[in-house]
Participant: 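Provided herewith is a single structure, encoded as structure tokens, for subsequent inquiry.
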Amino acid sequence: MNPKLLKPYDPKETEERIYKLWEESGFFNPDNLPGDRKNPFTIIMPPTNANGSLHAGHGLVMTIEDIMVRYKRMQGFKTLWLPGLDHAGFETQVVYEKQLEKEGRTRFGMEKNQLYKEILDFTLINSKNIISQIKKMGASCDWSRNKFTLDDDIIKTVYQTFEKLYRDGLAYRGNRIVSWCSKHQTSFSDLEIKDEERVEPYYYLQYGPFTISTSRPETKFGDKYITMHPDDKRYSQYKDGQKIELEWINGPITATVIKDSAVDMEFGTGVMTITPWHDPIDFGIAERHNLDKEQVIDEKGKLLKIAGEFVGLHINKARPLVVEKLKSKGLIVRVDEKYKHIVHTCYKCGTIIEPQIKDQWFIKMKPLAEKALEKIEKGEIIYIPEHYKKITVHWLENIMDWNISRQIVWGIPIPAWYHEPKCIPKPGRENEISKCKEIIVSIEKPICEFCDTDYMQDTDTFDTWFSSGQWPFATLGFSNSKDFKEFYPTDIMETAGEIIFFWVARMIMLGLYVTGKVPFKTVYLHGLVLDAKGQKMSKSKGNVIDPLLYTSKYGTDAFRIGMIVGNTPGTSLALAEDRIRGYKNFANKIWNIARFVLENSSHMSDMWENAIKNDLTAEFDELAKDVTFDMDNYRFHLAAEKIYHYIWHRFADEIIEESKKNEKIKPSLLYILKNSLKLLHPFMPFITEAIYQEMYPGGLLMIEEWPKIK
RNA sequence: GGGCGGCUAGCUCAUUUGGCUAGAGCGCGUCGUUGACGUCGACGAGGUAACAAGUUCGAGUCUUGUGCCGCCCACCA
């Protein structure tokens with residue numbers, strides 16, 4: 001017997017050796033798998049953000065997906081698990097900015113190319129680290145197909161999609177109000193905004209004959225329209241367009257009455273002034289009535305000239321001063337000191353979102369969402385757990401246009417070109433000069449036919465989710481690659497429930513739009529991994545669990561099965577260290593079972609092993625059937641628990657104990673051990689493979705056939 | 001304001017279409033093991049399944065309501 005087996009199980013030595021064995025077999029790559037495998041099984045791994053190291057959530061992703069893939073591989077499918085890394089635009093830039101801060105530097109004022117290059121280097125270093133960590137988790141993914149969101153072919157696909165959207169009128173450049181973070185100096189989509197409840201003073205102000213109310217008096221300088229609902233009888237004496245002279249913050253102004261049904265009659269006094277540049281509702285009213293829009297606050301959050309004496313002040317500093325001035329002019333009617341309301345903040349830094357009007361690229365989402373809804377409602381995509389379907393449908397039904405422009409360096413540049421404002425037409429082309437103003441969407445820099453002026457490329461980059469939203473078909477080489485034809489649509493998208501809108505819903509929409517097919521047939525969503533006390537992990541709380549710490553302490557197999565047992569899809573998991581430790585004992589138990597069985601089976605041949613049929617093997621087959629059923633229904637937590645329970649409390653405690661007294665049982669042990677290893681392999685791949693190597697040198701459990709079910 | 005989850009043993013959670021004395025891990029108690037066991041085994045304590053009503057031969061599981069806890073969405077200035 002191999003002396004290794006005589007010692008307790010040593011995960012460190014084993015895991016490295018076994019992973020190498022698998023990798024060198026080439027069987028992570030579906031093209032190398034033995035036998036005639038007609039049916040593909042595909043999972044595209046959610047690309048890991050290349051800005052840090054693996055956290056516990058990644059540990060769960062790698063475990064669940066590896067279980068699915070190993071199971072299907074053993075069942076004879078042509079399995080592809082395609083790994084990848086994400087440049088993670090804004091997220092990564094924020095991480096890098098923090099690093100710059102530590103060095104006393106800042107991205108503002110930095111040469112763009114220099115910053116880009118530095119972040120690229122940063123992600124490349126991280127990527128290497130992350131890949132080695134994913135391997136430590138035992139992930140049997142095809143590294144030969146590994147993708148990065150900034151690979152040339154991915155960017156090419158993203159550009160093609162954008163061009164198609166533009167041609168179809170679904171991507172448009174709009175001068176619209178967007179959510180702006182004055183700290184990060186970029187706009188966001190609606191999903192990156194966090195609502196926060198605050199209690200602040202609320203001011204009722206005298207505005208001519210009206211009383212208006214606001215929590216932000218420092219934004220009101222330019223308010224020169226007074227709006228009310230057209231049906232509001234209280235104000236029926238005022239006509240739309242009527243001018244009213246009144247005294248305002250910085251002196252007398254002429255206000256214009258506007259009637260618009262967006263005004264809520266029930267709220268406050270039923271009248272409000274509008275600040276179209278910095279408020280979405282007000283912007284809507286201004287658009288409908290073709291009103292002036294004036295910027296009051298600049299991109300850094302400071303007041304502009306329109307604020308008069310307050311010019312240059314940051315809005316936070318300006319508020320008390322403006323209130324003071326309003327008070328001295330007698331314009332404050334009353335103050336509600338404890339007004340509870342919702343403010344929008346940057347999800348990253350908590351800075352108040354200051355809406356601004358900007359030229360940005362938007363995607364018209366309604367048409368895309370309708371197609372997605374149709375497919376989802378037809379059941380072409382199965383959600384696990386099911387309630388995520390409802391959540392998705394609800395979101396899709398109320399979808400708004402998607403702002404995909406980001407004012408950051410780290411990302412895929414938007415391939416749109418604009419003409420400089422002034423141009424001199426080429427001789428004979430004077431009549432066509434208006435065509436110069438057209439926006440050109442193209443990868444290559446366009447050359448103007450009509451004049452000699454240069455085109456300038458859009459300085460923004462895409463929202464990172466715009467590129468990752470195309471991940472399933474982009475990674476497979478859309479549109480005419482062999483992989484795309486063979487592996488698309490993919491089978492399962494397994495990811496965190498948290499990013500169902502950010503990523504999953506968008507993949508469905510973009511996948512359908514570009515390829516005409518759903519990108520995956522099943523969505524499996526796991527919950528959050530929390531700390532042992534059930535608290536959300538965060539760096540500031542200092543309760544972040546490093547999965548690699550646990551794998552090195554207890555072995556990867558123990559970590560993996562510890563994350564699975566008792567963890568149902570969609571629900572969050574409190575990761576207690578004791579739990580993992582318990583499964584380390586289990587690993588050792590299996591190791592010892594193997595030692596005992598092998599010590600007592602030296603006289604057995606394979607033929608004999610296969611010939612056995614009795615009550616014990618029949619009982620095992622029943623278990624295998626049960627477990628297979630659970631696997632097919634994504635109940636990995638049940639499957640794992642049943643195998644665990646069988647191996648320890650039936651096989652070891654009873655069958656093996658009995659065999660010490662009853663020689664007749666011994667011939668069954670090898671059968672049970674071998675097939676138990678198969679059932680357990682997706683969950684605990686290292687130890688099962690290591691034992692299998694002792695039993696059948698030269699074989700490979702990873703590609704062994706899953707127990708047949710009658 | 002709208003929506004979605006959860007409430008089961010001291011802790012963390014299971015319990016597939018309603019059906020045998022509601023289970024596991026950790027923790028706890030007693031006893032025993034050092035020739036498969038970095039331990040393990042045997043036995044045990046511990047639950048009115050948030051609460052109330054209903055449907056049913058039968059409900060942790062279905063319906064309704066109530067109460068907590070959590071999450072998501074939302075242009076009430």
Side-chain angles (χ1 to χ4, degrees), chain A residues 1 5-10 177 179 190-191 193-195 202-203 205 212-216 219-220 223 227 262-275 278-285 339 341-342 344 355 385 387-395 397-400 497-498 500-501 527-528 530-534 536 561-562 565-568 570-600 626 629-630 632-635 637-638 640-642 644-645 648-649 652-654 656-657 659-660 669:
Chain A
M1 179 170 299
L5 261 183
L6 295 174
K7 287 185 272 176
Y9 177 59
D10 172 14
I177 193 154
S179 297
D190 303 318
L191 291 177
I193 307 307
K194 247 183 96 125
D195 291 345
Y202 192 65
Y203 303 91
L205 307 177
I212 61 158
S213 52
T214 182
S215 60
R216 304 198 63 193
T219 66
K220 296 280 163 198
D223 289 18
T227 62
V263 182
D264 184 354
M265 286 190 272
E266 308 294 315
F267 186 82
T269 55
V271 288
M272 65 175 200
T273 59
I274 60 169
T275 315
H278 301 290
D279 184 283
I281 305 172
D282 299 1
F283 177 81
I285 295 173
Y339 182 68
H341 70 140
I342 302 291
H344 301 300
H387 75 261
Y388 275 108
K389 180 173 163 176
K390 267 193 259 176
I391 294 172
T392 302
V393 166
H394 187 257
W395 186 71
E397 282 171 346
N398 298 293
I399 202 160
M400 288 188 288
E498 250 184 328
I500 184 163
F501 304 140
L528 250 40
L530 309 171
D531 75 358
K533 290 181 199 146
K536 200 167 171 172
I561 195 164
V565 174
N567 184 12
T568 44
T571 45
S572 50
L573 165 83
L575 187 58
E577 186 161 355
D578 277 346
R579 184 193 186 96
I580 309 300
R581 203 179 52 218
Y583 290 104
K584 185 199 161 152
N585 292 344
F586 180 51
N588 200 53
K589 187 82 185 177
I590 301 163
W591 194 249
N592 286 302
I593 289 170
R595 181 191 308 154
F596 180 85
V597 172
L598 294 182
E599 272 174 354
N600 288 282
D626 210 12
F629 185 63
D630 284 334
D632 286 337
N633 290 286
Y634 307 100
R635 293 196 286 261
H637 61 293
L638 285 184
E641 196 180 337
K642 283 173 188 167
Y644 169 88
H645 201 262
W648 198 322
H649 300 296
D653 290 352
E654 295 171 0
I656 288 181
E657 285 306 317
S659 79
K660 291 176 183 171
L669 298 182

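For clarity, every value in this text was computed on a predicted model and none was experimentally measured.
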Participant: Determine the Euclidean distance between corresponding C1' atoms of rG27(B) and rC13(B); express it in Å to zero decimal places.
Facilitator: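 These two C1' atoms come out 14 Å apart once rounded.
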Participant: Taking only the side-chain heavy atoms of E599(A) (C-beta and beyond), determine which of rA14(B), rA36(B), rG5(B) contains the nearest atom.
Facilitator: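 It is rA36(B).
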Participant: Between C1' on rU34(B) and CG on N592(A), what's the gap in Å once rounded to a whole number?
Facilitator: 14 Å
Participant: Go through rC4(B), rA14(B), rC40(B) for me and flag the one nearest to the T568(A) side chain.
Facilitator: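 Minimum distance to the T568(A) side chain belongs to rA14(B).
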Participant: Whole-Å distance between rA36(B) C1' and F596(A) CZ?
Facilitator: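 Answer to the nearest Å: 6 Å.
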Participant: Look at all strands and tell whether A574(A) reaches a base, only sugar-phosphate, or nothing, counting heavy atoms closer than 4.0 Å.
Facilitator: sugar-phosphate
Participant: Could you state the atom-to-atom distance from CG of N588(A) to C1' of rC40(B) in whole Å?
Facilitator: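 Taking atom C1' of rC40(B) as the reference, CG of N588(A) is at 10 Å.
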Participant: Just to be sure I follow the notation: if a pair is Watson-Crick (purine N1 to pyrimidine N3 plus N6-O4 or O6-N4) or a G-U wobble (N1-O2 and O6-N3), each under 3.5 Å, what dot-bracket string does RNA chain B give, with | for pairs to another strand?
Facilitator: (((((((..((((.....[...)))).(((((.......))))).....(((((..]....))))))))))))....
Participant: Just jot down the side-chain hydrogen bond (donor to acceptor under 3.5 Å, both in side chains) partners of T568(A), sequence neighbours excluded, or say none.
Facilitator: T571(A)
Participant: Start with the C-alpha distance between V565(A) and Y583(A), add both sets of side-chain angles, then the distance that settles side-chain contact (heavy atoms from CB on, under 4.5 Å), and finish with yes or no.
Facilitator: CA-CA 10 Å; V565(A) 174; Y583(A) 290 104; 3.3 Å; yes
Participant: Using atom P in both nucleotides, what's the gap between rC51(B) and rC26(B) to the nearest angstrom?
Facilitator: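 Rounded to whole Å, the distance is 29 Å.
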Participant: Please give the distance between the P atoms of rG6(B) and rU15(B) as a whole number of Å.
Facilitator: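 Nearest-Å result for rG6(B) against rU15(B) at atom P: 11 Å.
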Participant: What integer number of Å spans the P atoms of rU48(B) and rG23(B)?
Facilitator: 15 Å
Participant: Given 3.5 Å as the limit, does a donor-acceptor pair link the side chain of N633(A) with the main chain of R635(A), or not?
Facilitator: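 It does not hold such a pair.
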Participant: List in chain and number order the residues that pass side-chain hydrogen bond (donor to acceptor under 3.5 Å, both in side chains) with D195(A), two or more places apart in sequence or in another chain; answer none if no residue qualifies.
Facilitator: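 With sequence neighbours excluded, D195(A) shows a side-chain hydrogen bond (donor to acceptor under 3.5 Å, both in side chains) to H344(A), given in chain and number order.
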Participant: Got a list of protein N/O to nucleotides 21-32 of chain B N/O distances below 3.5 Å?
Facilitator:
{"residue": "rC26(B)", "atom": "O2'", "partner": "D578(A)", "partner atom": "OD2", "Å": "2.8"}

Participant: Shortest non-hydrogen contact from I274(A) to D282(A)?
Facilitator: CA-OD2, 3.3 Å
Participant: With P as the reference atom in both, quote the distance from rU63(B) to rG5(B) in angstrom, rounded to an integer.
Facilitator: 11 Å
Participant: Grab the two heavy atoms, one from T273(A) and one from K220(A), that are nearest each other, plus how far apart they are.
Facilitator: OG1-NZ, 3.7 Å
Participant: For nucleotides 16-20 of chain B, give me every protein contact, N/O to N/O, under 3.5 Å, one pair per line with atom names.
Facilitator:
{"residue": "rU16(B)", "atom": "O2", "partner": "R635(A)", "partner atom": "NH2", "Å": "3.0"}

Participant: Is the backbone N or O of K584(A) less than 3.5 Å from a side-chain atom of N588(A), with the two atoms forming a donor-acceptor pair by type?
Facilitator: no
Participant: With sugar-phosphate meaning primed atoms plus P, OP1 and OP2, does I656(A) contact a base, only sugar-phosphate, or nothing at under 4.0 Å between heavy atoms?
Facilitator: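 Base: the residue I656(A), judged by heavy atoms under 4.0 Å, touches a nucleobase.
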Participant: rA52(B) and rU17(B): how far apart are their C1' atoms, nearest whole angstrom?
Facilitator: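 Taking atom C1' in both rA52(B) and rU17(B), they lie 27 Å apart.
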Participant: Does the side chain of F501(A) reach to within under 4.5 Å of the side chain of D190(A), using non-hydrogen atoms?
Facilitator: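 Answer no - side chains too far apart.
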Participant: Kindly indicate whether a cation-pi arrangement holds for K589(A) with Y644(A), taking the cut-offs as under 6.0 Å to the six-membered ring centre and within 45° of the axis.
Facilitator: no
Participant: Start at the 5' end of RNA chain B and walk down; is the nucleotide closest to K660(A) or to L575(A) reached first?
Facilitator: L575(A)
Participant: Could you go step by step and tell me if L573(A) and R579(A) meet the side-chain contact (heavy atoms from CB on, under 4.5 Å) rule?
Facilitator: CA-CA 11 Å; L573(A) 165 83; R579(A) 184 193 186 96; 3.7 Å; yes
Participant: Using the P atom in both, what is the distance from rG58(B) to rU12(B), to the nearest Å?
Facilitator: 35 Å
Participant: What interatomic distance, in whole Å, is found between C1' of rC7(B) and the corresponding atom of rA50(B)?
Facilitator: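 Going atom to atom, C1' in each nucleotide, I get 6 Å.
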Participant: Indicate the atoms forming the closest heavy-atom contact of A652(A) with I593(A), along with that distance.
Facilitator: CB-CD1, 3.7 Å
Participant: Between H341(A) and S215(A), what is the shortest heavy-atom contact and its length?
Facilitator: CE1-OG, 3.2 Å
Participant: Is T214(A) reaching over with its side chain to a backbone N or O of Y203(A), donor-acceptor style, under 3.5 angstrom?
Facilitator: no
Participant: Tell me which nucleotide among rU12(B), rA36(B), rU15(B) gets nearest to the side chain of H637(A).
Facilitator: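 Out of rU12(B), rA36(B), rU15(B), the nucleotide with an atom closest to H637(A)'s side chain is rU15(B).
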Participant: Using whole Å, what does the distance between atom C1' of nucleotide rC4(B) and atom CD of E498(A) come to?
Facilitator: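 From E498(A) CD to rC4(B) C1': 15 Å.
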Participant: Any N or O donor-acceptor pair linking the side chain of E657(A) to the base of rA42(B) at under 3.5 Å?
Facilitator: no
Participant: Starting from the 5' end of RNA chain B, give me the residue, T571(A) or Y9(A), whose nearest nucleotide shows up first.
Facilitator: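 Mapping each residue to its closest nucleotide by heavy atoms, the 5'-most match is T571(A).
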Participant: Which part of the nucleic acid does N398(A) contact within heavy-atom distance under 4.0 Å: base, sugar-phosphate only, or nothing?
Facilitator: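 Nothing: the residue N398(A), judged by heavy atoms under 4.0 Å, touches no strand.
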Participant: Under 4.0 Å, heavy atoms only, any strand: does K390(A) hit a base, just the sugar-phosphate, or nothing?
Facilitator: sugar-phosphate
Participant: Minimum heavy-atom separation for I212(A) to M272(A), with atom names?
Facilitator: CG2-CA, 4.1 Å
Participant: So which atom in L669(A) and which in S659(A) form the shortest heavy-atom distance, rounded to 0.1 Å?
Facilitator: CD1-OG, 3.8 Å
Participant: Measure the distance from CD1 on I561(A) to P on rU12(B) and round it to the nearest whole Å.
Facilitator: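 Rounded to the whole Å, the gap is 22 Å.
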Participant: Would a 4.5 Å heavy-atom cut-off, applied to side chains only, mark L575(A) and I580(A) as touching?
Facilitator: yes
Participant: When every nucleotide of nucleotides 70-77 of chain B is labelled 5' to 3' by its protein contacts under 4.0 Å (heavy atoms), B for base, S for sugar-phosphate only, - for none, what sequence of letters results?
Facilitator: --S-BBBB
